[in-house]
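Below is one structure, written out as structure tokens; comments come after it.
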Amino acid sequence: MMTAFNKRLAPTRVLGLPLGAAVAGLITVTGALASVVLPEPVAALAIAAASAAFPLGVGTILIGDDVVFAHAFWLARRDARIVAREGAWH
């Protein structure tokens with residue numbers, strides 16, 4: 001778990017899950033249950049939303065607290081590509 005960074009950088013959690021996983025889980029469960037009781041054209045949309053949210057939730061669970069490290073990595077990468085106008089010579 002988050003030993004290298006301060007705990008204030010940890011992602012928000014709901015019931016022990018990262019926020020993205022909790023929202024994706026809620027969409028998956030709601031879509032699956034709604035597909036049972038809704039009429040056919042809308043039920044297909046509900047099951048499509050549920051099946052699209054499931055891999056996002058699993059991915060969020062697998063990434064977990066590493067999202068902080070990924071965010072810091074992408075910020076450092078973005079900042080490394082910034083070149084001052086004086087140094088560009090264009």
Side-chain angles (χ1 to χ4, degrees):
M1 299 287 282
M2 303 274 307
T3 56
F5 279 93
N6 193 338
K7 282 290 190 184
R8 68 184 172 83
L9 297 175
T12 305
R13 293 188 173 273
V14 176
L15 298 174
L17 294 171
L19 181 61
V23 170
L26 181 65
I27 292 170
T28 301
V29 170
T30 304
L33 292 176
S35 69
V36 174
V37 296
L38 291 173
E40 183 50 41
V42 182
L45 291 174
I47 201 70
S51 56
F54 182 74
L56 295 174
V58 170
T60 307
I61 289 172
L62 292 177
I63 292 172
D65 291 339
D66 291 338
V67 72
V68 176
F69 297 104
H71 183 68
F73 171 76
W74 289 112
L75 286 178
R77 213 174 134 90
R78 182 195 67 187
D79 293 341
R81 286 188 276 158
I82 294 174
V83 177
R85 276 186 202 199
E86 294 83 9
W89 294 95
H90 291 117

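Counting from 1, the numbers follow the sequence of the chain as shown.
- Minimum interatomic distance between A21 and I61 (heavy atoms only, all atoms of both residues): CB-CG1, 3.5 Å.
- Summarising the geometry of L38 relative to V42, their closest heavy-atom pair is CD1-CG1, 3.6 Å, with the distance given to 0.1 Å.
- Taking all atoms of both residues into account, the shortest heavy-atom contact from A24 to L56 is CB-C, 4.4 Å.
- Between the S51 side chain and the A48 main chain, a donor and an acceptor come within less than 3.5 Å of each other.
- Hydrophobic clustering (side-chain heavy atoms under 4.5 Å, transitive across Ile, Leu, Val, Met, Phe, Trp, Tyr) keeps V36 apart from L26.
- Nearest heavy atoms, A43 versus S35: CB-O, 3.4 Å.
- Within a 6.0 Å sphere centred on CG of L75, heavy atoms belonging to other residues, nucleotides or ligands number more than 12.
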### Query
Please walk me through it: do L33 and V37 pass side chain to side chain contact (heavy atoms under 4.5 Å, CB included)?
CA-CA 7 Å; L33 292 176; V37 296; over 6 Å; no

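- There is no path of hydrophobic side-chain contacts, each under 4.5 Å, that joins L17 to V29.
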